[in-house]
Structures are given as structure tokens and as C-alpha cells.
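Note sheet for the following structure.
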Amino acid sequence: MTRSSAATLVAGLLIAFFLPSSAAPAKDYVKYKDPKQPINERVDDLLSRMTLEEKIGQMSQIERANATEEVIEKYFVGSVLSGGGSVPAEKATASVWQKMVTKMQKAALKTRLGIPIIYGIDAVHGNNNVYNATIFPHNVGLGATRDPTLVKRIGEATAHEARATGIPYTFAPCVAVCRDPRWGRCYESYSEDTRLVQLMTSSIVTGLQGDVPAKHPKGVPFVGGSKKVAGCAKHFVGDGGTHKGINENNTLLNFHDLMRIHMPPYDNAVIKGISTIMISYSSWNGVKMHQNKFLITDTLKNKMNFRGFVITDWQAVDRLTTPRHMHYYHSIQETIHAGIDMVMIPYDYPEFVADLVKQVKQGQIKLERVNDAVSRILRVKFTMGLFEDPLPDPRLTKELGAQDHRSLAREAVRKSLVLLKNGKSKGEKPLLPLPKKAKKKVLVAGSHAHDLGSQCGGWTASWQGESGNNLTGVGTTILEAIKKAVDKHTAVEYAERPDKDNLTKSADEYEYAVVAVGEPPYAETAGDNQNLTIPSPGPEVIKDVCGVVKCVVLIVSGRPLVVHPYVDYMDALVAAWLPGTEGQGVADVLFGDHGFTGKLPRTWFKSVDQLPMNYGDKRYEPLFPFGFGLTTKAAAGKD
Ligand SMILES: *[C@@H]1O[C@H](CO)[C@@H](O)[C@H](O)[C@H]1NC(C)=O
Ligand SMILES: *[C@@H]1O[C@H](CO)[C@@H](O)[C@H](O)[C@H]1NC(C)=O
Ligand SMILES: *[C@@H]1O[C@H](CO)[C@@H](O)[C@H](O)[C@H]1NC(C)=O
Ligand SMILES: *[C@@H]1O[C@H](CO)[C@@H](O)[C@H](O)[C@H]1NC(C)=O
Ligand SMILES: *[C@@H]1O[C@H](CO)[C@@H](O)[C@H](O)[C@H]1NC(C)=O
Ligand SMILES: *[C@@H]1O[C@H](CO)[C@@H](O)[C@H](O)[C@H]1NC(C)=O
């Protein structure tokens, strides 16, 4: 029994005991508050009681920084979010997060109709804004695992870590089909292959929201209880298909190819009861998705039968045209007409509310459209049980960074690593697995060997992420993992940037070297990159070390990078993607406690001139094809 239903029961008993039966409270009966009523009837009843201002409040999502109790009450705010890195306090604990959400929720419950807010956050690889949360590999690494059950378990763990902070809603999963790795969000995509993205979409949605019951009607949102969260499939649609991978740019495709390549994962999400869908900043054939009525209303809502709510991306209404202030009023109209239900405003709520109220009063926006939007938002809130259980559960704070989540993340890391080369030439003994007991020293080198922030990538602690070991209190770097894995008599020496002459002189002191290089953290447009080279001094470190010592190179990156010119120097090459906090998973496979099993979720190109180049293309001359991945055997008794 939930706490609030226990309270209802106690209240009911008291009433039954103290009141004569003739005073049955029929007059005070409020249908929408009755959890025994069908959800659609609760929605209709509540909607019928709402003023226009209360309705538009539901359609408004504002930033945490603005969400004082006064603002929530005055504007009947329907939703609050944390933007990337927006936290209640530096290194806030789970209970500090819960207290913040509780305060906001209590303000919402004090309003005339007592409609709870829905608090959302980008929990895109674990509850990644939160200090000491478990950070899972980014989606590209999960695509490499080819393990949908694992991804479902990660969804469950992420839901628990979000609920630990009192948050019932995540802006995940990203179901983009990234067709060009030059895109700064490519690591948020499971794969270039639509079918693989579909497989992972079904799993992650089920993990986050729970399993839809048998015969669940397609399109109806579903969230299975107070330890699950509402999800958000994003970014609808074609975000991963933009010209040259330029973020938020134009996806030039005919309707057939849009439906064939980019739409199918949304169908999976809708079948699994996804609660919300976020619209893409990008355009389709020159029309911004946020104003595309054909795709949002006619296709997603009417054809695909999506019954949850559609939300904008951050400030997307502002960005629909430039200059913003000239067109904001009209942009609101365009987006609401297109079928947007909730607007991630997130800062200028007075202007947004005033403009939208005015347009409905003047008839520029029909009340039926507003009613549709609000019904969808309320449907999700009722489905989630927010009316019955609006407040965070303090018993769940212990879920943040829990040991079983960290073990799961470590398992995900070892399954995500893709072995691309093992042995310099045919017939030569493969370098991996590395011996734990080395006769000589082990050298660990490179910018990514001892850097948790770079290992986690963007969307960690802050929006862009940050390099260094300061962004979380718990985690294991690759260097630390190696030190833990080797025999206690094996000496591990670390030099981020070994001196070439020194190394050449002392080369035979080393049995082997592990070189970890890759990309610095980035998110969204800041990650767009037309050259995809390994930033300096990565290539020099590879050449200097691998030129004189047997080496395995780990590429820590959100996507394939240019490695073609250096592959001949390497004895072994591993794509490590962005593994997150649990670096021990890297050592698990390097030293053979577990075998390598990961398969490329993307085509590894030779040079950027070939891009875009995807599996199934007529011209396909990759360095390593989609699906490639060497295997090694696990030590006896493991795997
Ligand atoms: C909302 O918060 C932002 C960031 O703190 C601030 O710049 C903005 O002025 C606030 N908006 C309003 C309407 O107060
Ligand atoms: C695409 O990017 C180009 C180059 O930055 C820009 O000029 C153009 O406006 C963008 N198109 C869209 C639809 O965003
Ligand atoms: C690490 O974080 C603390 C605050 O949490 C900050 O004061 C300090 O400057 C940071 N150190 C580095 C090297 O970024
Ligand atoms: C983060 O974890 C570290 C290591 O367990 C612990 O010492 C620290 O108190 C934690 N910080 C927070 C804010 O939870
Ligand atoms: C280089 O030389 C110094 C001092 O002789 C030594 O401490 C260091 O570990 C050497 N190795 C590398 C790889 O730089
Ligand atoms: C590659 O592109 C990135 C992102 O635009 C840029 O920062 C970097 O300097 C470029 N590198 C080279 C070698 O051109």
C-alpha cells in the first residue's frame, strides 16, 4: 500500500466512525481525485473544472532556478525541469534534491485544484546531473553490447537513481539514428542502424517505465509504479540525419526514407507506452520540426496513436525564428498549432503565459487544442500515480549510486568495449588478454588514462561535462582499474605524455603499454566536428609509445575517430566509447577476466571524406565495418 492510500484509508475510517451514515459525502465527492475512476474520466472531470490560466499553467515547463513556491502557485505551473547541470546546490545529496522537489510539489498541491507538478531531468546515462550518481556508458557504447536485457536493467537502475532524488520524469531515451558521426550528439544514439536502435528503444523504455501489461492499447502512456519514471523519446524526428551532421540542421530526405530510417524507433517507444516525446530542433526538408503539424499531429498523434504528451526542446519556441522578440508571439502559435502540448519555456514564463492566454482568448488558438494538450499532460500525471503519490519517498535516497547499479555499469562497460585489432600481423601472438603478472614494468599513458570526466563525456555533472577527476566523488579511472587488476608485484608506471627520448632509451624496461586517448567532453553543437581527428597530443603519444613498446590503444570517444594513419603502430586497438564512472570494466576485459564481445554499433570510416557512410550503402569501404568486433576468451569460470 502506498503511504497516501494508507492515509486515505485512515481518513475514511475516521469519517465512517464519527459521521452518521446519512452524511455520506456525496456532495464533496471529487471524481478526479478518486483513483478507482478510469483515467479518461478523471482527466475529463478535472479539465472541466479548470480555468484557462490553470490550463496554460499545465502546458508550461519552467527551469528549477525560477520555480519558487510563489511562481508555482501564481502561474499554476505544470512542470519544472533541471537543465543540464542545474542542481539545487553543489554536490547536493539525494535528500537535498528530494527536499527541493518536495517544496515545489507542496506549492503545487496548495493551488485550487491541487494538480501535482511533474519534475523532469536529463537522466541520459544514469541520473547524470547528480553528484555521486552511477554514470553508465553513453548510448553508443550500449549499442555495442547488443544486449537488450542489459539495457533494460540500466533503465531500471536509472529510474531508481532518479526516484532517489525525488524525480519521476527523465528526458530519455534519445532514439536518434545517427547517420553521421560528425554530429555532436552521435554518442547519444545507440547506432546508425535503425533496427538496433529499435531493439534498444524497446528495452530502455521498458526499463525506465516498466513492462506494459498484455494487450495494452498502442499509444497509451504507461508507468508502472512509484519506482519507475516517465520517459521521453527524443528528438522527433530525423535529428540524426542532418546535413554533414550539423546539430539542429536540416534533414534532407524524402518521406519514405524518413519513415524507413528515423521513424521506426518511435513506433517501438509508442508500443511500449512511452509517456512523452520531445520534438527536434532540426528541420525536415527546410521546415522546423517544431512547426511540423503533419509529422506531430497527423502522423505521431493521429496515425501512430500516441496519447502521451509532446514537449518542445529547451527554448525551442524562442529559437524558431530570429530575432526572437519580433516573432515569439507568432512562434507560440505555430508550435501549439503543430501539436505541441508542453513548452520547455524555460525562463520567460510571464511572457509565454500572457501571450498564450491572449491568443486563446482572441481565438487565434482554439480552446480544443489547449484541451487536447492539457488532457494529455493530465493523462500522464494520472497514469504515473502522481495524484496519489506526489511526494518523493525518502526511503529511496539510498538508491543513488547503489553498489548493484555500479556493478551493472561495470558489466555494461566490459560488454561495450569493441576489440578492433589484436596482434600486429597475421600469425603473431595476440597481445590481449594482457598478463596480470608482468616480468617488466607496465606503462600507462595518454590523456584519457586517468581522467574520469573524459571517460564520462558530456551530460555528466554539467551539460558539457568536464575533464579531470573532480566531477564525482566515486568512480574508477582506467589507470586505477589497471592498478587494481594487475598482480601486486607488477609495477605500473603512469605518464600522461611520456617524453619520447626518455622512452626510447628506456623502452625495454616495459613489458607492454596501455595508451588511452580520445575526445574531450562535449555536448550538442559544441561537439560538432568536421575533421574527427584525435586531438593532439593523442596521435603523438600513440606513435611515440607504440613505436617502441608493445601497446594496446584505447580510443575513449563518442564516435569513431580518424585512426587509419596510426593503426600499423598498434599491437591492439579497442574502441572504449564513453564508459562512465565504472572504469574497472575496462580492466576486466583487458586482462581477460571476461572476454571481449562488443560489436561496432557504427561504421568505422577511414577518412572523413567518406562521410556520411553507413551500413547498407552502395559505396562502403570502411576501416572496420558495422558489426565488426574480435573476441577473446574469458578466464575460466567468468562470463
Ligand atoms: C528565471 O531564471 C533565470 C536564471 O536564473 C533568470 O535569468 C530569469 O530572469 C528568471 N526569469 C524570470 C521571469 O524571473
Ligand atoms: C544549417 O547550417 C548552415 C551552416 O551553419 C546554416 O547556414 C543553415 O541556416 C542551417 N540550416 C538550418 C535549417 O538550420
Ligand atoms: C574541484 O571542485 C571544487 C568544488 O567542488 C572547486 O572548488 C575546485 O576548484 C575544483 N578543482 C578543479 C581542479 O577543478
Ligand atoms: C560522494 O561519495 C564519496 C565517496 O563515497 C563520499 O565520501 C561523499 O560524502 C559523497 N558525497 C555526496 C555529496 O554524497
Ligand atoms: C622519464 O625519465 C624520468 C626520470 O629519469 C622518469 O621518472 C620517467 O618515469 C621516465 N619515463 C617516461 C615514460 O617518461
Ligand atoms: C577539428 O574540429 C574541431 C571542432 O570544430 C576543432 O576544434 C579542431 O581544432 C579541429 N582539428 C583540426 C586538426 O583541424
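Counting starts at 1 for both ligands and their atoms, following the listed order. In what follows, every heavy atom counts, from backbone to side chain, and hydrogens, waters and symmetry copies are set aside. Given the structure is predicted, the values throughout are model-derived calculations rather than measurements.
- Shown in contact with K91 at under 4.0 Å from a heavy atom are these atoms of ligand 4, numbered in order with element: 13 (C).
- Looking at N531 next to ligand 6, an N or O pair under 3.5 Å apart turns up.
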Exercise. How far apart are the C-alpha atoms of E156 and R153, what are their side-chain angles, what is the distance that settles it, and do they pass the salt bridge (Lys or Arg N to Asp or Glu O under 4.0 Å) test?
Worked result: CA-CA 5 Å; E156 287 164 353; R153 288 156 64 211; over 6 Å; no

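- For NZ of K99, the number of neighbouring non-hydrogen atoms (other residues, nucleotides, ligands) closer than 6.0 Å is 12 at most.
- Dense packing is recorded around OH of Y131, with more than 12 heavy atoms of other residues, nucleotides or ligands lying under 6.0 Å away.
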Exercise. Can S191 and Y615 be said to form a side chain to side chain donor-acceptor pair (under 3.5 Å), step by step?
Worked result: CA-CA 10 Å; S191 175; Y615 171 63; over 6 Å; no

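- Near V474, with a cut-off below 4.0 Å to any heavy atom, the atoms of ligand 4 are 2 (O), 4 (C).
- Relative orientation of the H405 and H160 rings is tilted, given thresholds of 30° and 60° on the angle between their planes.
- Electrostatic pairing of K543 and D568 does not count as a salt bridge here, judged by no charged N lying under 4.0 Å from a carboxylate O.
- Taking a cutoff of 4.0 Å between a charged side-chain nitrogen and a carboxylate oxygen, R559 and E519 qualify as a salt bridge.
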Once you restrict both partners to nitrogen or oxygen, which atoms of ligand 2 have a protein partner under 3.5 Å, and how far apart are they?
residue	atom	partner	partner atom	Å
ligand 2	2 (O)	N249	ND2	2.2
ligand 2	11 (N)	N249	ND2	3.0
ligand 2	14 (O)	N249	ND2	3.4

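- At under 3.5 Å, a nitrogen or oxygen of N132, whether backbone or side chain, sits near a nitrogen or oxygen of ligand 4.
- Between the side chain of K398 and the backbone N or O of R395, at least one donor-acceptor pair lies under 3.5 Å.
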